[in-house]
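Report on the structure given below.
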Amino acid sequence: MLNGIGASRGYGIGKAIIIKNASLDYSHKKYTSAENEKERLQKAIDSFVKETSLLAESVKKSAGDKEAEILRGHIVMVNDPFMISQIRESIDNGSVAEKGVDTACQMFIDMFSSADDELIKQRASDVKDIRDSLLKKLLNTVGADIDSVPPDSVLIAEDFTPSMTSRIKKENVNAIITEVGGITSHSAILARAMGLPAVLSVSGATERIQNGDILIVDGIKGNIIINPEKSDIDKYAQIQAEYLREKESLNAYIGKPTVTENGNKKAVYGNIGKPEDVQNVIQNSGEGIGLFRTEFLFMERSCEPSEEEQYEAYATVARAMDFKEVIIRTLDIGGDKDIPYLAVEKEENPFLGHRAIRYCLDEKKLFKKQIRAILRAAVYGNIKIMLPLITCTDEVRRAKSIIAECENELKNENTEFKSVPLGIMVETPSAVLISDILAKEVDFFSIGTNDLTGYIMAVDRGNAKVSKLYDTSMPSVLKAIEITIKNAKANGITVGMCGEAAADVNLIPLFLEWGLDEFSVSPGSILQTRKTICENNG
């Protein structure tokens with residue numbers, strides 16, 4: 001049996017097909033002239049854009065617009081003026097187009113790979129995908145033949161890039177396995193969107209599994225059985241059938257109120273990163289947006305979004321939610337989320353550095369632009385502002401002062417706006433310990449269990465050697481959550497949770513017992529979370 005990370009739930013049984021890429025060696029290529037090399041480059045880019053646009057449309061139909069946006073992001077990145085200028089400069093210095101592409105892309109890969117944040121690290125995989133696609137076009141080589149695999153296949157590769165995953169015909173593929181990647185990787189996101197079981201980070205999978213092996217893939221536990229006994233196949237076929245029946249039964253919770261068995265009303269919200277994500281929340285009957293991660297509006301572009309662009313994004317979500325609650329988290333960037341055009345200083349320990357609210361309070365002009373956009377958009381719905389990484393009351397009070405400045409400016413300009421409630425993310429041990437004091441400063445709490453777990457357990461969740469300690473069910477983390485909820489309740493403010501633990505079926509009963517009001521989860525987890533709440537007291 002092999003083990004990895006269960007990154008897309010479900011069970012798959014089928015025949016192994018190893019996917020290996022063609023060679024991208026360009027050492028034989030000879031430089032002709034700068035003009036010719038640039039012409040070859042442009043043809044490759046044009047072909048890439050055309051092909052990727054078609055793939056995005058195909059993915060939109062099979063998996064949804066959110067997943068298609070991953071590929072559209074590749075088009076934005078390949079057209080980035082800075083990236084193109086770096087390639088052209090390399091060509092002007094005597095490099096073949098292949099070398100120019102490889103060098104420029106490697107610079108971005110190194111930059112993104114050095115980040116501590118998993119979502120930023122994923123950008124490195126995106127750039128690798130773009131680089132490999134451009135090199136294939138320049139070299140006129142054919143990539144892995146994913147399109148034509150037979151029915152009941154299980155695909156195994158070192159990694160499935162977005163362009164590879166988008167070619168998968170899900171009617172022919174029962175599961176995927178990779179040697180790298182995790183829960184937040186794009187291969188995992190696309191696999192979940194297509195309903196394909198996936199086990200990632202399986203060391204040596206392409207060597208330890210042979211073409212034609214029969215595999216059982218458990219995308220929940222992360223287990224893979226090679227050439228199983230018939231009894232194992234029969235067992236997992238039954239488990240698979242039961243899983244699909246349970247998944248289908250969740251449709252009964254679409255539009256159903258979130259009420260516990262003893263009649264307590266709760267709410268299940270959705271987490272989003274872009275305006276278009278709101279449709280997934282609506283489709284799964286989310287009762288609001290519990291976390292709008294606004295940093296994604298700043299990524300995959302070469303300059304800061306204007307106040308108008310941000311206003312349109314926030315207003316779009318507010319309108320779509322039709323006056324249901326929309327909690328917008330202010331910009332959460334810093335040393336762990338490197339956005340080149342913001343020139344964020346590189347730090348030795350970015351998670352303890354100049355990030356989130358600390359960065360925004362020091363970059364007042366940027367912060368005010370976002371606050372003004374949120375206040376203007378609030379006219380169209382039920383918007384709330386949430387501040388990340390709060391550790392002391394001074395940070396809250398300084399933020400309040402800036403919000404008041406923005407309100408006065410908008411009033412003097414005769415610009416329509418609406419004052420909104422203010423809350424904080426409770427995601428640091430400091431915030432937990434003074435949560436009774438902070439509760440008197442704000443209108444609501446939202447517990448960010450992802451960072452809170454890391455800070456309390458003093459563990460880097462990306463470090464495999466200590467990853468077992470990154471567990472929200474640890475007594476110290478649960479104690480912190482209990483303290484936070486009880487201090488919120490004692491001071492008469494609502495308290496929600498927007499970390500991964502909010503969808504943990506084993507922890508939800510405990511959170512209900514302590515009095516948690518709102519559970520904000522990924523759109524795909526809304527119905528299961530509602531079911532779990534409705535079947536429990538609390």
Side-chain angles (χ1 to χ4, degrees), residues 41-42 45 48-49 52-53 56 69-90 100-101 103-115 117 119-124 126-127 129-131 134 272-277 292-317 328-347 350 354-377 388 402 406 409 415:
L41 171 67
Q42 193 57 52
I45 291 174
F48 173 86
V49 170
T52 305
S53 297
E69 194 63 31
I70 295 171
L71 291 167
R72 295 192 194 108
H74 285 195
I75 295 173
V76 172
M77 291 175 78
V78 82
N79 282 314
D80 182 84
F82 181 66
M83 178 181 280
I84 291 175
S85 69
Q86 292 295 303
I87 300 172
R88 288 176 172 272
E89 182 179 330
S90 184
V101 167
T103 302
C105 288
Q106 193 60 49
M107 178 183 69
F108 281 91
I109 290 166
D110 291 342
M111 178 178 68
F112 290 138
S113 296
S114 65
D117 184 87
L119 290 171
I120 300 300
K121 282 185 176 180
Q122 179 56 41
R123 297 290 178 270
D126 290 335
V127 180
D129 195 8
I130 292 168
R131 178 194 62 189
L134 288 176
I272 66 171
K274 296 177 182 177
E276 51 267 28
D277 295 347
F292 187 162
R293 298 182 176 97
T294 59
E295 57 269 21
F296 290 99
L297 299 177
F298 289 70
M299 295 177 179
E300 294 180 0
R301 53 187 296 144
S302 55
C303 63
E304 177 189 335
S306 67
E307 180 181 321
E308 286 302 314
E309 286 178 284
Q310 293 188 64
Y311 159 72
E312 288 294 339
Y314 308 144
T316 296
V317 173
I328 300 177
R329 183 175 71 185
T330 58
L331 189 58
D332 185 2
I333 61 163
D336 64 323
K337 294 189 178 96
D338 189 10
I339 299 177
Y341 63 81
L342 291 181
V344 178
E345 185 179 347
K346 181 69 178 175
E347 297 177 296
H354 194 230
R355 60 170 292 212
I357 192 63
R358 301 167 183 176
Y359 178 87
C360 287
L361 291 175
D362 287 343
E363 297 293 334
K364 190 174 175 180
K365 183 178 178 182
L366 177 144
F367 192 38
K368 286 179 68 174
K369 193 181 294 185
Q370 181 173 42
I371 296 299
R372 284 170 56 94
I374 294 172
L375 295 174
R376 290 170 58 199
I402 291 172
C406 292
E409 287 176 6
T415 301

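- A distance of 9.0 Å separates NE2 of His354 from SG of Cys360, quoted to the nearest 0.5 Å.
- Between Pro275 and Leu297, the closest side-chain pair of non-hydrogen atoms falls below 4.5 Å.
- To the nearest 0.5 Å, atom OH of residue Tyr359 and atom CG of residue Leu331 are 7.5 Å apart.
- Atom OG1 of Thr52 and atom CG of Asp129 lie 8.0 Å apart (nearest 0.5 Å).
- The shortest distance between side-chain heavy atoms of Ile402 and Phe367 falls below 4.5 Å.
- Ring-plane geometry between Phe292 and Tyr314 is classed as perpendicular, the angle between the planes exceeding 60 degrees on a 0 to 90 degree scale with a lower cut at 30.
- Between Glu295 and Arg329 there is a salt bridge, since at least one side-chain N of the basic residue sits less than 4.0 Å from a carboxylate O of the acidic one.
- Under the rule for a side chain to side chain donor-acceptor pair (under 3.5 Å), Gln86 has no partner lying at least two apart in sequence or in another chain.
- A donor-acceptor contact shorter than 3.5 Å is absent between the side chain of Glu304 and the backbone of Leu366.
- No donor-acceptor distance shorter than 3.5 angstrom exists from the side chain of Asp110 to the backbone of Met107, with no hydrogens or angles considered.
- For the pair Met83 and Ala104, the tightest heavy-atom approach, listed with the atom from each and the gap, is O-CB, 4.3 Å.
- For the pair Thr294 and Thr330, the tightest heavy-atom approach, listed with the atom from each and the gap, is OG1-C, 3.6 Å.
- Here Ile109 contributes atom CD1 and Arg131 contributes atom CZ; the two are 4.0 Å apart, rounded to the nearest 0.5 Å.
- If you take NE2 on His74 and CD on Glu69, they are separated by 11.0 Å, rounding to the nearest 0.5 Å.
- Between Gly100 and Ser90 the shortest heavy-atom distance is CA-OG, 3.6 Å.
- Under the side-chain contact (heavy atoms from CB on, under 4.5 Å) criterion, Gln42 pairs with Ile45, Asp46, Arg88, not counting sequence neighbours.
- Closest approach of Phe296 to Gly273, counting heavy atoms only: CB-O, 3.2 Å.
- With sequence neighbours left out, Ser85 forms a side-chain contact (heavy atoms from CB on, under 4.5 Å) with Phe82.
- With respect to the salt-bridge test (charged N to carboxylate O, under 4.0 angstrom), the residues Glu309 and Lys369 do not qualify.
- Note that CG of Asp362 and CD1 of Ile357 are 10.0 Å apart. Values are rounded to the nearest 0.5 Å.
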